[in-house]
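A short write-up of the structure that comes next.
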Number of protein chains: 2
Amino acid sequence: MRSGTDTPQLERTFTEAGRRAQIVQAAIDTIAEVGFARASLARIGERIGISKGLIGYHFAGKDELIRQAVSEILEQGKAYMIPRILAEPPGPGMLRAYIQSNLGFMREHPSYMLAIAEIKRNGLTADGRQRFYGVADMDGFVRELAGSLSSLQADGHLRMDFDPYVMAIAIRAAIDVVPRHLLDPDFDIEIYASQIAGVFDLATRPEETSREPADRVLEGTAS
Amino acid sequence: MRSGTDTPQLERTFTEAGRRAQIVQAAIDTIAEVGFARASLARIGERIGISKGLIGYHFAGKDELIRQAVSEILEQGKAYMIPRILAEPPGPGMLRAYIQSNLGFMREHPSYMLAIAEIKRNGLTADGRQRFYGVADMDGFVRELAGSLSSLQADGHLRMDFDPYVMAIAIRAAIDVVPRHLLDPDFDIEIYASQIAGVFDLATRPEETSREPADRVLEGTAS
DNA sequence: TCGGTCCCTGAACGCATGTCCAGACATTAG
DNA sequence: CTAATGTCTGGACATGCGTTCAGGGACCGA
């Protein structure tokens, strides 16, 4: 085995870098397609025409491969969302941008979201801990969001009478449930995104600014 | 094997009825404790001091055992929630009672909810279908709730400018996420229940009746 | 006592998995 | 040419799983 650590070290050759990326992509696609439980190394390799032994050559083990896949997805998600959120002035618009950009990323990369949902659900160790998140674990997202909500509250941009932690859990739940409905033909992620943004806008926007016509608030921006 | 069908037939002896109930309970507790993936028949049997062979004697297979566990949990949940919902007059109070009674059941039976969440997440077949729900599958809950919301809208008890299906998904998501936080010491299910009920009350209550003081709406009833 | 039914164990089986390894092949350096 | 290195395969191996089965007690009626 070449790279035994979790932190991606310098890749020696051009071939290795390409293979590693190819294998990570195959892992994501396979997990999204057949689920975590059935995404064996043999099946992942089969997708790109290599043996499972080769995966062991490029990665220390299955765990490192999964960690790389998670890292890849989270990096791309952050790169997509952060500029869209920071483009908003401080206030309720940032929460709307958070929800809309997260769901927009899901719409553009459904296999990423299906894969990471699978990994999150099936990657529990015996004591209930997550195995595949090091620095950026997904439950941390709730705390991050709760902190942001709390700051916006403190600055008077959101109403004060809700618990930021509770609200953050509910918002993340409304977002994280989406992968389960991506294959449902009755489910329209565009409508869902704008309406969910409207629900939490109503629940968090200070009352003095909530006098806009209701349809304006609930329909949201067309993105 | 004695009972090969899914519909529970008459149990022949007192011993068998007792054993079956004991095994179902052990399955629920084991799944809640170590997760679905690690809840093998051997481990389930170990909890009550029997061999895994005996499970195969009382149940047609692992699938039937899991189905019995799901059925048991859903029956108890419905028995808990339905009278509490029907006690409310038609209107926004019913939605509040739905949310509060569902979360109340979770509070009283955390292992039930952990177990059913595990089964729901890990009991997917190759083509993405659920394996363990026959008549009452859990995704049907979203449709049930959407139908109820739609009826309440039609009768003028809820505002018209939200999509019932979208709202139902968000409400179920906010409820179904709770098992993941039951072990978190920062998580207070009482506060969560009343605030979530308030969020969706705000989002669905017709505007002419939403002029109550905000704290009255958000704090909800103390149950 | 004898036979039958119920309850239960322990082992064997087939299957799928992740890891590990001996070796093949190609390319490059000396 | 020879040696070394990077890349890759195919198979062996141990593990854990659900299922199945032969058999052994316990109990009970005849």
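Values in this document were obtained by computation on a predicted structure and should not be read as measured data. Within every chain, numbering begins at 1; the chains are lettered A, B, ... in the order of the sequence lines, protein sequences first and strands thereafter.
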Between C:dC8, C:dT19, D:dG18, which nucleotide has the shortest distance from any of its atoms to the side chain of B:Leu41?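 In terms of side-chain proximity for B:Leu41, the closest of C:dC8, C:dT19, D:dG18 is D:dG18.
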Tell me whether the side-chain N/O atoms of [X] come closer than 4.0 Å to OP1 or OP2 in [N].
X: B:Arg19; N: C:dC8; value: yes
X: B:His58; N: C:dC8; value: yes
X: B:Arg43; N: D:dG16; value: no
X: B:Ser40; N: D:dC17; value: yes

Check this for me, if you would: do A:Lys52 and A:Glu46 make a salt bridge, where the nitrogen-to-carboxylate-oxygen distance has to be below 4.0 angstrom?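 Between A:Glu46 and A:Lys52 there is no salt bridge, as every charged N stays at least 4.0 Å from the carboxylate O atoms.
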Residues B:Glu33, B:Arg47: salt bridge by 4.0 Å N-O rule: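 Yes, B:Glu33 and B:Arg47 are salt-bridged.
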Could you check how far [atom1] of [X] sits from [atom2] of [N], rounded to whole Å?
X: A:Tyr57; N: C:dC21; atom1: OH; atom2: P; result: 15 Å
X: B:Glu64; N: D:dT20; atom1: CD; atom2: P; result: 13 Å
X: B:Ile50; N: C:dC6; atom1: CD1; atom2: P; result: 19 Å
X: A:Lys52; N: D:dT7; atom1: NZ; atom2: C1'; result: 19 Å
X: A:Asp63; N: C:dT19; atom1: CG; atom2: C1'; result: 12 Å
X: A:Arg38; N: C:dG18; atom1: CZ; atom2: C1'; result: 18 Å
X: B:Phe59; N: C:dC8; atom1: CZ; atom2: P; result: 12 Å
X: B:Glu46; N: D:dG16; atom1: CD; atom2: C1'; result: 14 Å

Determine, for B:Tyr80 and B:Arg84, whether the Lys NZ or Arg CZ falls below 6.0 Å from the six-membered ring centre while staying within 45 degrees of the axis.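 Output yes; distance and angle both within limits.
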Over-ring placement of A:Arg20 relative to A:Phe59, 6.0 Å and 45° cut-offs: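 Geometry flag: set, cation within 6.0 Å and 45°.
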Between the side chain of B:Glu88 and the main-chain N/O of B:Tyr98, is any donor-acceptor distance below 3.5 Å?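 Looks like no, no N/O pair under 3.5 Å.
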Closest nucleotide of DNA chain C for A:Gly53 versus for B:Gly49: which of these residues is on the 5' side?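 With A:Gly53 and B:Gly49 compared, the 5'-side residue is B:Gly49.
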